[in-house]
A.B. asks: 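First the structure, which I've put down as structure tokens, then a few questions once you've had a look.
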Amino acid sequence: MASTTSSVLCRSTQSELLDAFLSGGQANVAVLPPALIIHGPSSTGKTFTLRHFLTLSSFKHTLVQCEECVTQRLLLQRCLRSYIADSGSTPPTDLDTSCDSFSSFMVSLEQFSVHASYTQPHLLVLDRIDRCMEPPTDLFAQFGRLYEQCSVNLCVVFVYSSPDPRTLLTSSIPHVYFPRYTQDEVVEILSTKMICQFPGEFTITDTAAMDFWVKYVKIVVDSIAAYTGTDIILIQEILMKIWTPFIAPLVSGQFKINEFIRLFRHGLHLFGDFAIADDLLESHPGHLLPSNIPLHSKYILIAAYLASFNESRYDSLFFSKLKHARADRRFGGRKVRGNSKAAARISNRMLAASPFDLERLLAILHAIYQENYDGKLVVSFDDEGKGETETSLASGALVNTIDVESQIATLISLRLIVKTGNGVHGDLLAGKVRLRCNVGWSFIAGLAKDIGMDVEGYILE
Amino acid sequence: MVEKRLYDGDEESSQKTTYWLNRRKARKTSKTKVQVLFKGDPEGKPLADPFLPFLQLLGGKEPLDNVQMRWNLYNEYWAKQQSTIDTILVNSGVQLLEDMKRFVESPLTHKAARLSTAIILPGSNISNHTRLFDQIEARILLNPASKVLRLSSQQCPNIRKALASLVRSFQDLVDEVSQGESDDDEEEGEDEFYETPAASSGKKLRYDLDTLTEWSDGYFATEGQTLSDTSLRMAVFIQDAEAFEVSVLSQLIQLFSLQTAKIPLKLVLCVSSSLEIFQERFPRTTLRLLDATKFDGENSEFIYTQICDQVLLNRGSHSVTLGPKFVLSVLDKQVKSSKSIDSIVRSLKYCYMTFFYSQPLSVLIGGQNRGNTELTQAHISALRKLPSFQRHIEGLLKGAGSGKLKKEKIMVLLEDDEAVLKLLPAAYDDFSRVMNSVLDRLDLVRLLQNNADVTVTPKVELYYFALDNRLFNSQFSAEVIGAFRKTPHTAVLRFLTQLRKLGETLSTIAELAALVTTALGDDIDQLASGNEDCVSAAGLTLKGKAVFRRIIDPLCQHVETFINQKVYDSEKSFTLSDILFHELFVIDRDELLASAFSPCVRPTVEDSLVDSRKYLLCLGGTPEESDPYFGIAILIDPIISELFRLYREANTVINIHDFFIAFQELIPKDKLMPLLVEVMETKEAERVFSKTELDSMYRFLMDYDDNAELDLKWEKITLSWFLQGISELSMLGFLKDGNKRSESLEKLIWKGL
């Protein structure tokens, strides 16, 4: 099938191999292998080449997207259902399609084939079988040996990008390997079709546009290959992402179409973080600004951070009002023990958050609240203008009402504090539940700034 | 009661001083204490009428018509406020709802094979979310071709269950007939099949997304549409995206993105916490599957302001004025703990209800006897006992006038009921005049703030300070006027226009506007006309500046005089409590709100464990002395309370055996045993237990040979009580298992938190 070879760029060897293994796509003369493996890294044209081959061949075939299948049972069901549908024959009315196990699948397959006298060669393509949500280790062996146990004229084609599974490494199963594209091949493939267009108001001839596109592709691939490698899909996305801001000066008339290098220099910043950042929203102001959180929640979050990143043995140093405990803090803070230089060098903030008890959180909360909250309510003016501040109903101390606890629960549902330990799904107050702070330093620093608290004074450095 | 003894055991211990608590003496008082507790205070009498939940107040002397009138008044007043709040809530998020509808109906251009996704940021207060989601869903469903499938993290502990609930809600949506059947299936295993309508496809697994695909294929065939031009939309609404397990949500997103080639799918993610934190948790490959658009759903601040302005500070006929303490408690809660709209609405409703529920004089709201209900002597006497009335009499005593006339006037008020009632309308007029005057000035201060270069203070905060007599004649008002003085002429002109507009509805402001126009009208017209002599492209000309100077100082003077004029005809500084009968017109009970909505949990739990009689056996009526249940209740508290009392005295780590022995010592075996036997013979016991159970218990207690055997049985009983109590305490979070080797318990609750 010469047409496959010519229309799939840079994959002539693989097309020829497919041709050879699958009888040139001629169903009437076919002697199919029991299975075929197509493998190679992702984004190397495996599925594309195979699909192209299948459209040109006269085989009846079934293509199952394995990554859509949550369980193996669903995969087997889909294989059977699609196989029956693609064969064009009518299944027996009592056919069991539940596919509880692989043997049940085989029985149903054979029952159908006997009932419909379906003996034509059929290709069952299990695309991306390595991405099935349940580990497909058993499936490799079972599908690989299907021909031994079942008299259906079926060739199973495995398409995957993970390393070869041990069970399929036999000489009886032919392999087709798709190596990574080279950088030149990527440019060649992406240059063939212009996937981004100039805006309608910009007049340009097709040839000039195509020339510009080829240069654009080449320069993008050269610039970002270090990050993307030769992943065509990723590069394609970046091409589309940069396109509009890249050609903006061209559209506005700042540069001419032949001033490509100047245009590139002008848009050089686009080829950095902008191109490779994977943000949900391309530009978004930091949501959940500190002002959106109630005051007590801010203190609770800070207390949770302190509890997570300070060791409990230093609590008396930071939070106790006793003189002897605070004296150490005033005159030098941490006592370095012996030769623990390595431990002393690593800032606690760089380590993972450690879990803490609810009671410790409350104790720290009470301590920092009392020390930092100045009783200021919303407005802080007074009739004398002497800088007095309005005090709330309660004094500076935190009253532990149900509001505090419900806010802790809210923060847990927001996953800003997370439950750990055995009782994760149990009661919050159950004995073994421990909590952990789930927000980073920058967020806490923002909160502390908002409430005017010097949080660094409480952190062990 | 505490005796000091020397321990006469082994030699070493004999040197230690030991204290013994003589419990017998302490127990003696308990009975009389309990009897005192049973005496109820009949402040109000409950009515038999099931449609009238209010009590008959004044010790049951209140006429029934009055009770009915209070109930009707409550309903009438609250219904008005409720409708205002509902209108605010419905109109609040209109823009977001419309945007969401438009998003769902927008064409299916899956940019670069990405899944079209809306990210709603509804703010951190999760209590407002359900209402918002319901509104969004209702709005999207206005289009019959749109389907909404809602998923929450509780439904999705793993991917299979997530898909199963998705398919299930889809089936419920499109096929109402099958709804009943699927409900029956719920108890069965999760791999049960659904019978799908298409016979050819056979049975499908619960979590098979092909159900959706086949349905939409069928829809396309019926409507003659294709995926690219269909109006059908399926919006998957993930309500609490941040609470999902990362792996589950990633897999869901991956599956949905694969389905975009088959189903007209739109994804809606609601992220209540920080978006940065949310996206950091996800793998880059998942993020790359989404083409996200942001929708800001945080409007609680807006709703809050609206409710404050239109309900709290309402001048309407059906509003009860809220006092400074109440306003402060609302503000305090709002800032410190939750920006929940529902909580404000609930507090307001509770306030209205408590006012009409507990105040027999609330029939006089509005300064007149509503519905001409009967006012008894008790009502008048209650009026006379109001602090404001007493202050009024004191004021009359101290006031000017000759001795005899003054005495007569006072005596009339104290003796003649009609005279007291006649005071009411005038008092109400006084009150409403003062309130309107305060609110007018607040509007003016807001107007000044809006046009000057200063931070705009929420009106409700100004209201609090005004009622607390700290706004007028204050540094703050002087600063606002000072800032206004420095504003450019355009802002001043804008202020004047707005002032005139405000004057159309408020008479006092109209007077001020007229005063300003009379005094400065010509200059203002000259400046407002944009005459070239005064105003040039660059700003004011020299002449213009002179005119502006002529305006600004007198204008500020007028405004200052208006704001700082005396609020109430009283020599003292103004507070609401100066006004006669203000108790009838103002609700100001913050302590009720605090106890109803923000109770202190731990002290409440601890207090009730220490003194269980706050909750148990506290209803009216003295039980019979012969009742064995009562006998037990006097002898011991509930087991958990007894244990908690011991727990309080224990150290952080408690040895289980010591704990048990102490507990066993607390239970008076000799008195309790006969009572237990008696209890088993009561009708209640027969109702609760079967006959065989009772028999076996009876045998257990009565069938023994000697005291040693009885002691052993008693130990078994107390041990079972002990274990039950311990597990209850640990469930309440007081205890946890300590070190296993030492067989101990550890205290969980720290003192004073």
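Not measured: the values here are computed from a predicted model. Convention: sequence-line order gives letters A, B, ...; per-chain numbering from 1.
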A.B. asks: Nearest 0.5 Å please: distance from the OG1 atom of A/T401 over to the NE2 atom of A/H296.
C.D. replies: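 So the gap between those two atoms works out to 7.5 Å.
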A.B. asks: Is there a donor-acceptor contact under 3.5 Å linking the side chains of B/T652 and B/E746?
C.D. replies: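 Short answer, no.
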A.B. asks: If I take atom CG from residue A/L411 and atom CG from residue A/N438, how far apart are they, to the nearest 0.5 angstrom?
C.D. replies: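 Going from the CG atom of A/L411 to the CG atom of A/N438 covers 11.0 Å.
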A.B. asks: Which one wins on heavy-atom pair count under 4.5 Å against chain A: B/P599, B/S477, B/A241?
C.D. replies: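 If we count pairs closer than 4.5 Å to chain A, B/P599 comes out on top.
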A.B. asks: Which one, A/R78, A/Q236, A/H366, leads in non-hydrogen pairs under 4.5 Å with chain B?
C.D. replies: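 The residue among A/R78, A/Q236, A/H366 with the greatest pair count is A/R78.
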A.B. asks: To the closest 0.5 Å, what do you measure between CG (B/L290) and CG (B/L269)?
C.D. replies: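 If we round to the nearest 0.5 Å, B/L290:CG and B/L269:CG are 6.5 Å apart.
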A.B. asks: Please rank B/D208, B/I119, B/T117 by heavy-atom pairs under 4.5 Å with chain A and give me the top one.
C.D. replies: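 Option with the top pair count is B/D208.
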A.B. asks: Between B/T293 and chain A, which part of the residue has a heavy atom less than 4.5 Å away: side chain, backbone, both or neither?
C.D. replies: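 The backbone, not the side chain.
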A.B. asks: Measuring heavy-atom distances to chain A, does B/L258 have an atom under 4.5 Å in its side chain, in its backbone, in both, or in neither?
C.D. replies: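 Contact with chain A is through both the backbone and side chain of B/L258.
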A.B. asks: May I ask you to name which of A/I195, A/V418, A/V70 has the most heavy-atom pairs under 4.5 Å with chain B?
C.D. replies: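 Of the options given, most contacts go to A/V70.
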A.B. asks: Using non-hydrogen atoms and a 4.5 Å limit, figure out which bit of B/D240 sits close to chain A: side chain, backbone, both or neither.
C.D. replies: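 For B/D240, no heavy atom lies under 4.5 Å from chain A.
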A.B. asks: Is A/E67 close to chain B through its backbone or its side chain, or both, or neither, when contacts mean heavy atoms under 4.5 Å?
C.D. replies: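 Both parts, heavy atoms under 4.5 Å.
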A.B. asks: Which atoms of B/Q259 are under 4.5 Å from chain A, going by heavy atoms: the side chain, the backbone, both sets, or neither?
C.D. replies: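 When you check distances to chain A, only side chain atoms of B/Q259 fall under 4.5 Å.
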A.B. asks: Please flag which part of A/Q407 lies under 4.5 Å from any non-hydrogen atom of chain B: side chain, backbone, both or neither.
C.D. replies: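 Only the side chain of A/Q407 comes within 4.5 Å of chain B.
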A.B. asks: Restricting to ring-ring contact (aromatic ring centres under 6.0 Å, His included), what partner residues turn up for A/F356, sequence neighbours left out?
C.D. replies: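 A/F356: no ring-ring contact (aromatic ring centres under 6.0 Å, His included) contacts found.
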A.B. asks: Heavy-atom distance under 4.5 Å to chain A: side chain of B/E280, backbone, both or neither?
C.D. replies: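 B/E280 has no heavy atom closer than 4.5 Å to chain A.
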A.B. asks: I'd like to check the side chain to side chain contact (heavy atoms under 4.5 Å, CB included) partners of B/S250; sequence neighbours left out, ordered by chain and number.
C.D. replies: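 So B/S250 forms a side chain to side chain contact (heavy atoms under 4.5 Å, CB included) with B/V246, B/F282, B/P283, B/T286.
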A.B. asks: Could you tell me if the side chain of B/K459 sits less than 4.5 Å from the side chain of B/C308, heavy atoms only?
C.D. replies: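 They are not in side-chain contact.
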